[in-house]
Amino acid sequence: MKSAEEIKQIAIDTINHEANSIKNLANYIDESFINAVNTILETKGKVVVTGIGKSGIVANKIVSSLNSTGTYAQFLHAGEAIHGDLGMISKHDCVICISCSGETPEIKLLLPLLKTAANKVIAITGNKTSYLAQESDIVLCSNVQKEACPNNLAPTASSTAQLVIGDALVVALMECKGFTANDFAKVHPGGALGKKLYLKVSDLYKRNNKPLVNINDDIKTIIYEISSNCLGVAAVLDNNKLIGVITDGDLRRMMSKFDDINNIKANDIMTDAPKTIEEDVLVVNALETMRKNSITQLLVVDKENNYIGVIHIHDILREGII
């Protein structure tokens, strides 16, 4: 049985080993990598990524990353390819084959068929003298000296290296295509990442009530307006113009400052120049403003600075944006 310190050291050694293996990959980035990027950019069809076992899992991740960053890609299981799935590859596609050894039987069966169909083949392999490397048009080396596995058997550093080479391709393609944050949002509309890029204040504040008081309203009216709308705030208007804000914090400070509150008006306790935000601003920017000013809500205004509502930090957190 390993001690707690021994287990901790195993984890640290594994991380350091894989980090060093990945760092060494930079030495393999050469003209072949440039050719691979240009080949994909020039491909009229899709990018088919194939592998089996751990390499197949890596291939699936690369496909997902390509699709989410503007490069149409599809995964092909190397074993299923020779039993009918080869039909998914068109003559306009290029193929990325992933195999650490480069001698995977399924890949060796698949390669002659790809060559016959004249598809461009990009290899990601740890063995530059392998069958896969010899039969591919472009070879990207993912060699590691040793696996993190103590027996040097389980794919650990080698599969991580494949993944990093794939990520390098993805990022290079994004840069070459000019793939922007707005492009990213279009293909990630449901997740928190996408929401940060497209969700606007106008999408959230309309769900809330619009608490407001006039400059001469009494304390009873103020307390009722703030408490009944459950937003902890009320805008203060004078002739329909926004001039201040009263928060539940202002009410607490009022109780300690004034002995007699019966004659207090909104003008007596409001904060001048309230923090506001326009409705077409991104929600993530609204959150940043709240954090910067240590507040939990913002008054929403239109282009003419007319008060139109409130956005609360809870509205933003409910969307998963933190």
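Positions are given from 1, in the same order as the sequence printed here. Just so it is clear, the structure is predicted and the values come from calculations on it, not from any experiment.
- Between the T50 side chain and the L76 main chain, a donor and an acceptor come within less than 3.5 Å of each other.
- Atom NZ of K257 has 12 or fewer neighbouring heavy atoms from other residues, nucleotides or ligands inside a 6.0 Å radius.
- Around the CG atom of N239, the shell of radius 6.0 Å holds no more than 12 heavy atoms that belong to other residues, nucleotides or ligands.
- Rounded to the nearest 0.5 Å, atoms SG (C100) and CD1 (I124) are 12.0 Å apart.
- Summarising the local packing, NZ of K265 is surrounded by more than 12 heavy atoms from other residues, nucleotides or ligands at distances under 6.0 Å.
- Nearest heavy atoms, S90 versus K46: N-NZ, 4.2 Å.
- Rounding to the nearest 0.5 Å places NE2 of H314 at 10.0 Å from CD of Q297.
- Using a cutoff of 4.0 Å between basic side-chain nitrogens and carboxylate oxygens, K196 and E288 are not scored as salt-bridged.
- Side chains of N267 and N216: no donor on one and acceptor on the other come within 3.5 Å.
- One finds no salt bridge joining K200 and D203 here, because no Lys/Arg side-chain nitrogen approaches an Asp/Glu carboxylate oxygen to under 4.0 Å.
- Atom CD of E175 has 12 or fewer neighbouring heavy atoms from other residues, nucleotides or ligands inside a 6.0 Å radius.
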* To do: Evaluate side-chain hydrogen bond (donor to acceptor under 3.5 Å, both in side chains) for S130 paired with E103, printing each intermediate quantity in order.
  => CA-CA 6 Å; S130 64; E103 300 291 343; 4.8 Å; no
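- A donor-acceptor contact shorter than 3.5 Å is absent between the side chain of N127 and the backbone of G102.
- Looking at K303 and E278, a side-chain N of the basic residue comes within less than 4.0 Å of a carboxylate O on the acidic one, giving a salt bridge.
- At a cut-off of 3.5 Å, with distance as the only test, no side-chain donor of S65 or N67 sits close to an acceptor on the other residue.
- Although no hydrogens or angles enter the test, the distance criterion places a donor-acceptor pair under 3.5 Å between the side chain of K177 and the main chain of G70.
- Under a 3.5 Å cut-off, the side chain of T125 and the backbone N or O of S99 do form a donor-acceptor pair.
- There is a side-chain donor-acceptor pair under 3.5 Å between S158 and E147.
- A donor-acceptor pair is defined here as one N or O able to donate and one able to accept, closer than 3.5 Å; such a pair exists between the side chain of E6 and the backbone of S3.
- Between the side chain of H312 and the backbone N or O of D315, no donor-acceptor pair lies under 3.5 Å.
- Side-chain contact check for Q162 and S55: at least one donor-acceptor pair (N or O, by modelled atom type) lies under 3.5 Å.
- Linking ILVMFWY residues whenever their side-chain heavy atoms come closer than 4.5 Å, directly or via other members, places V47 and M174 in the same cluster.
- Taking SG from C94 and NZ from K120, the interatomic distance works out to 10.0 Å, rounded to the nearest 0.5 Å.
- Between the side chain of E80 and the backbone N or O of D85 there is no donor-acceptor pair closer than 3.5 Å.
- The local environment of NZ in K61 is crowded, with over 12 non-hydrogen atoms from other residues, nucleotides or ligands closer than 6.0 Å.
- L251 and Y224 end up in different hydrophobic clusters when Ile, Leu, Val, Met, Phe, Trp and Tyr side chains are linked at under 4.5 Å.
- Interatomic distance, OG1 of T71 versus CG of L41, reported as 7.0 Å (0.5 Å rounding).
- I62 approaches V170 most closely through the heavy-atom pair O-CG2, 4.4 Å.
- No side-chain N or O of N24 forms a donor-acceptor pair with one of S21 less than 3.5 Å apart.
- Few gaps surround NZ on K146; more than 12 heavy atoms of other groups in view lie less than 6.0 Å from it.
- Checking D13 against Q9 by side-chain atom types alone, a donor-acceptor pair falls below 3.5 Å.
- Side-chain atoms of D302 come within 3.5 Å of backbone atoms of N305 as a donor-acceptor pair (strictly under, hydrogens ignored).
- Between the side chains of N38 and N35, no donor-acceptor pair is found at a separation under 3.5 Å.
- The line from CD1 of I165 to CG of L25 is 4.5 Å long, rounded to the nearest 0.5 Å.
- Side-chain atoms of D260 come within 3.5 Å of backbone atoms of N262 as a donor-acceptor pair (strictly under, hydrogens ignored).
- Checking side-chain atoms of N229 against main-chain N and O of L231 turns up no donor-acceptor pair under 3.5 Å.
- The structure places CE of M270 at 8.0 Å from CG of D238, a figure rounded to the nearest 0.5 Å.
- Nearest heavy atoms, L114 versus C97: CD1-SG, 4.1 Å.
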